[in-house]
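Presented below is the structure to which this report refers.
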Amino acid sequence: MHSVLPAILVLASLAVAEEPSSFDAGSENHLGLTFSPDGMTAYWVEWNGQWGSRGTTPRTIYYSTQQDGGWSPPEPVPFSGKYNDDDPIVSPDGAWLYFISDRPSGDLDEKPDANIWRYNLIDEGPMEFLSVNSEAEEYSPIVTDTGALFFASDRTGGYGQGDIYRADMLGDDFDSPALLGPEINSEFGEWNLWVAGDEQEMIFESSSRPTNISNAGDLYYSARTGDGWSKAVPIESLNSEGSDLMPRLHPDGQILYYTTAPIGGNARIIGVEWPLASE
């Protein structure tokens, strides 16, 4: 994949925006379209209700598989439909579906907060509650080629309302999460993210920054440099006056999917050609 110069990215014009029609089970909101590494299975989230308010149905993860040049009718993944399940992503080896959920982690868990789980796609279960979870909320898990886990959380000890963390894989578990620096995180909110498998590029949602078009959430971009991550810049050509979030790059590296939603309206998934501008 070509790297994208942040200075060019800010000025890029929107290229061939498209709302995918195959991935719709009939709900009012659609979010977080992502694919298995081979591109043969799609996952996304649907629910009913206005954006910015509590949904009238649980957020449910759906999937569809490519068959004879088309896509199978959407179905919920086996574990989803009772609790709010969100932010699906498949690990690079295709073995795990990572997601967040407000389902209880045990019999004594009476607080419905968002935590990171993973579901074994090879064995079709069981599900695992990850050790990186805290008493706060966790969002948007992303696993890279080395097995490292990136995610967002509003736990204490960060820079602002929400921040992005990284945890290395240690055996079958993860090391203690490390807070990313001020090139990524700010005194405001950093949330839903995508990170390239080689950890050379990152796109994430940030809320309330002075450089935002919308306080609700704009998309930002950062690239790895010799000194670490570059200072994140807004992707102005994608950002709107509503919420723009949940970036996901197709495995072929040619289409970036993201979710856009007007406050009080409904969320929809958009696909744009990627990269927006090349070196």
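Here the structure is a predicted model, which means the values were calculated and not measured. All values below come from the heavy atoms of this structure, side chains included, with hydrogens, waters and symmetry mates left out.
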Could you go through the side chain to side chain donor-acceptor pair (under 3.5 Å) check for Thr41 and Thr65 one step at a time? CA-CA 4 Å; Thr41 305; Thr65 57; 5.8 Å; no
For residues Asp87 and Ser140, is any side-chain donor paired with an opposing acceptor at under 3.5 Å? no
Going by heavy atoms in the side chains, are Met40 and Gln66 under 4.5 Å from each other? yes
Side chain of Asp218, backbone of Asn239: donor and acceptor closer than 3.5 Å? no
Could you list the residues that satisfy ring-ring contact (aromatic ring centres under 6.0 Å, His included) with Phe79, not counting sequence neighbours? Phe99, Tyr119
Thr60 vs Glu46 side-chain heavy atoms within contact, under 4.5 Å: no
Measuring only between side-chain heavy atoms, which start at C-beta, is Gln161 closer than 4.5 Å to Ser207? yes
Going by atom types only, do Thr34 and Trp44 share a side-chain donor-acceptor pair under 3.5 Å? no
Would a single hydrophobic cluster contain both Tyr63 and Leu121, if residues Ile, Leu, Val, Met, Phe, Trp and Tyr are joined by side-chain heavy-atom contacts under 4.5 Å? yes
Around atom CD of Gln67, are there more than 12 heavy atoms from other residues, nucleotides or ligands closer than 6.0 Å? yes
Nearest non-hydrogen partners of Ile269 and Thr259, listed with the distance: CG1-OG1, 4.1 Å
Which pair of non-hydrogen atoms, one from Pro141 and one from Ile89, has the smallest distance, and what is that distance? O-CG2, 3.0 Å
Taken in chain and number order and not counting sequence neighbours, the residues that satisfy side-chain contact (heavy atoms from CB on, under 4.5 Å) with Ser131 are Asp173
Of Pro73, Ser80, Pro88, Pro74, the one forming a side chain to side chain contact (heavy atoms under 4.5 Å, CB included) with Tyr62 is Pro74
Can a donor-acceptor pair be found between the side chains of Ser153 and Arg155 at a distance below 3.5 Å? yes
With a cutoff of under 4.5 Å between side-chain heavy atoms, which Ile, Leu, Val, Met, Phe, Trp and Tyr residues group with Tyr83? none
Closest heavy-atom pair, Ser64 versus Ser72, reported as atoms and distance to 0.1 Å, is OG-O, 2.6 Å
Do the side-chain N and O atoms of Glu205 and Tyr220 include a donor-acceptor pair separated by under 3.5 angstrom? no
For Tyr257, which of Trp274, Trp194, Phe35 qualifies under ring-ring contact (aromatic ring centres under 6.0 Å, His included)? Phe35
Could you measure the distance from the CG atom of Asp154 to the CG atom of Asp113? Nearest 0.5 Å is fine. 9.0 Å
With Arg248 as the cation and Tyr43 as the aromatic partner, state whether NZ or CZ is under 6.0 Å from the six-membered ring centre and within 45° of the axis. no
If you measure only the distance, is there a donor-acceptor pair under 3.5 Å linking the side chains of Glu199 and Thr144? yes
Asn29: partners by side-chain contact (heavy atoms from CB on, under 4.5 Å), with sequence neighbours left out: Trp47, Asn266, Ala267
One pair to check against salt bridge (charged side-chain N to carboxylate O under 4.0 Å, His left out): Asp85 and Arg59. What are the steps and the verdict? CA-CA 5 Å; Asp85 300 322; Arg59 294 193 179 206; over 6 Å; no
In chain order, what residues pass the ring-ring contact (aromatic ring centres under 6.0 Å, His included) check against Tyr165, with sequence neighbours excluded? Phe151
Steps toward salt bridge (charged side-chain N to carboxylate O under 4.0 Å, His left out) verdict (Arg268, Glu19): CA-CA 8 Å; Arg268 62 193 181 101; Glu19 186 171 1; 3.4 Å; yes
Taking the side chain as C-beta and beyond, is there a heavy-atom pair between Leu256 and Leu238 under 4.5 Å? yes
Just by distance, no angles: are the side chains of Ser208 and Asn215 close enough, under 3.5 Å, to form a donor-acceptor pair? no
Short N-O contact, Glu128 and Arg118, less than 4.0 angstrom: yes
Between Glu190 and Ser206, is any side-chain donor less than 3.5 angstrom from a side-chain acceptor? yes
If you take all heavy atoms of Ala114 and Tyr139, which pair is closest and at what distance? CB-CE2, 4.5 Å
Taking side-chain contact (heavy atoms from CB on, under 4.5 Å) as the definition, give me every residue that meets it alongside Asp123, ordered by chain and number, with sequence neighbours left out. Asn120
Report yes or no: do Asp244 and Ser240 form a side-chain donor-acceptor pair below 3.5 Å? yes
Note: Ile164 and Met202 closest approach over all heavy atoms is CD1-SD, 4.2 Å
With distance as the sole criterion, is a donor-acceptor pair present between the side chains of Asp227 and Thr225 under 3.5 Å? no
Does any non-hydrogen side-chain atom of Leu180 lie less than 4.5 Å from one of Arg166? yes
